[in-house]
Amino acid sequence: MKKLMMFAAVAVTLVSCGGGGGRPTFGDNEFPVTTVGTSNADMQSTFPAMIKGVQDVEIRPKVQGFLTQINVKEGQTVSAGQILFVLDNETYQAQVRQAQAAVNTAQQQVNTAQLTYENSKMLHENKVIGDYELKTSENAFESAKAQLAQAQAAVASAREQLSFCFVKSPASGVVGTLPFKKGALVSASNTLTTVSNISSMEVYFSVTEKDAMALSAAGLGSGKVIKMSGVIDQATGTVQLIATFTNPEKLLKSGGAGTIIIPRQATSAIIIPQSCVSEVQNKKFVYTLGKDNKVKYTEIKVDPQDDGNSFIVTDGLKAGDKYVTNGITKLNDGMEIVPITPERYQQKIEEQAKAMSAGDIVGAMKK
């Protein structure tokens, strides 16, 4: 019983040293203040981008017909010349047979005309027929040959039309979406799929003229700018650029959206923690400290890119200025404070935490 009473007495002593209730408090107007300094900062600029394969080929049929075969799947890698789709081709096969029959008929006419012409030449040599009859048989022979050539051309055209029913890939790449199913009626106005060469990718993005100049010096790391528009868009004030990126693991997909990240370094940058910045209507403010120890609600401008913890101030603060780092929600413009160092502020936090722990012990003993 004596030991218990002695422990309780010690606990009470700890509470009383802490300033009451186990919770020591700062002075009502004590706030941590630090001086603005400068340092180098690794920064980055980001730009929305559209990703395309170095070669995106839309696959369209040249003739109208019903899809009878779909020989590929979405995402499949295909080679140039590979048959991707087959259209109903019975009609085109019939046209080929009809055209071939016309060739056979024309060939027979040529053979007959040739025999007639050769016979006419022999008769002409023997003075049996005159020049007129010889010339007439020659003309008939030439006409038969012309009709044969015309029929052969019709066969070639019919076979070409038939070949259009077998839709082949004009390039190697990866098959995109397949919007049509087997049995669908398609024509040259329909895109059956897209074959994309994604071994390397072209990334399209737009930057301001100023950023374009900085970009030429900074580079893209693993990418390379290969094209830049020679005309500035008057509506947006931007220039379009195209960069290429290798894509060995096929992680990037044509038609996707992405972000171009351009690293850059700022020298003599003013970096402040985001915790000391308040935002009102998309404007950012800090409390700066004047020589009279009165705070001023000061608007600042920051770099649009940040790391989630700090801001790089581009306007509103300069080296040597002083600003409040914590407790800004308790401040008002023009309020007079007692500045303390951030180190002293942290020390007070730690002392408060210890005192609160002692208060917990007392509370437990009372129970």
Side-chain angles (χ1 to χ4, degrees), residues 42-61 67 70-85 167-181 184 186 188-266 303-308 312:
D42 292 325
M43 303 171 63
Q44 61 185 31
S45 298
T46 61
F47 304 93
M50 180 176 62
I51 304 171
K52 289 186 176 182
V54 291
Q55 185 181 30
D56 284 350
V57 182
E58 289 187 347
I59 308 300
R60 297 172 183 263
L67 273 176
I70 300 176
N71 299 332
V72 291
K73 298 179 180 179
E74 294 181 0
Q76 179 179 335
T77 300
V78 297
S79 57
Q82 182 173 339
I83 297 176
L84 309 180
F85 306 93
V167 183
K168 300 179 181 179
S169 176
S172 299
V174 177
V175 175
T177 58
L178 300 171
F180 295 97
K181 304 300 181 183
V186 295
S189 63
N190 301 125
T191 300
L192 302 182
T193 191
T194 300
V195 173
S196 301
N197 181 352
I198 61 173
S199 58
S200 61
M201 309 298 290
E202 289 187 343
V203 180
Y204 295 72
F205 63 107
S206 297
V207 302
T208 64
E209 186 177 12
K210 179 181 178 181
D211 287 333
M213 297 299 293
L215 176 59
S216 62
L220 290 175
S222 62
K224 179 181 180 182
V225 175
I226 59 170
K227 297 178 184 177
M228 178 183 294
S229 172
V231 179
I232 298 175
D233 189 322
Q234 296 298 318
T236 61
T238 59
V239 179
Q240 187 181 67
L241 288 82
I242 303 176
T244 58
F245 289 81
T246 57
N247 190 31
E249 298 181 2
K250 307 295 189 293
L251 297 178
L252 300 177
K253 303 299 182 183
S254 185
T259 301
I260 288 286
I261 300 175
I262 303 173
R264 55 192 173 92
Q265 188 175 64
D303 191 279
Q305 307 299 327
D306 62 76
D307 60 4
I312 297 177

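- Tested against F85 for a side chain to side chain contact (heavy atoms under 4.5 Å, CB included), the candidates V186, N71, L178 yield a single pass: L178.
- Residues P179 and T191 fail the side-chain proximity criterion, which asks for heavy atoms closer than 4.5 Å.
- Put simply, the side chain of V78 reaches to within 4.5 Å of the side chain of V195, judged on heavy atoms.
- In this structure, the side chain of T193 engages the main chain of T177 through a donor-acceptor pair within 3.5 Å.
- Here the shortest heavy-atom pairing between T194 and E58 reads OG1-CG, 4.2 Å.
- Between Q55 and A171 the shortest heavy-atom distance is OE1-CB, 3.5 Å.
- Between the NZ atom in K253 and the CD1 atom in I51 there is a gap of 11.0 Å [rounded to 0.5 Å].
- Checking side-chain atoms of S172 against main-chain N and O of A80 turns up a donor-acceptor pair under 3.5 Å.
- Here the shortest heavy-atom pairing between K168 and I83 reads CG-CG1, 3.9 Å.
- The two residues S254 and G53 have their closest heavy-atom pair at OG-N, 3.1 Å.
- Considering all non-hydrogen atoms of both residues, R60 and N190 come closest at CG-O, 3.4 Å.
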Give the intermediate values and the outcome of side-chain contact (heavy atoms from CB on, under 4.5 Å) for residues V203 and F47. CA-CA 11 Å; V203 180; F47 304 93; over 6 Å; no
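- Residue Q82 forms a side chain to side chain contact (heavy atoms under 4.5 Å, CB included) with just one option from T77, V72, V175, and that option is V72.
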L192 vs L84, test: side-chain contact (heavy atoms from CB on, under 4.5 Å). Steps then yes/no. CA-CA 9 Å; L192 302 182; L84 309 180; over 6 Å; no
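- Considering CE of M50 and CD1 of I242, their distance stands at 9.0 Å, rounded to 0.5 Å.
- In this structure a side-chain-to-backbone donor-acceptor pair under 3.5 Å is missing from D303 to I312.
- Residues M201 and V54 come closest through the heavy atom pair N-CG1, 4.2 Å.
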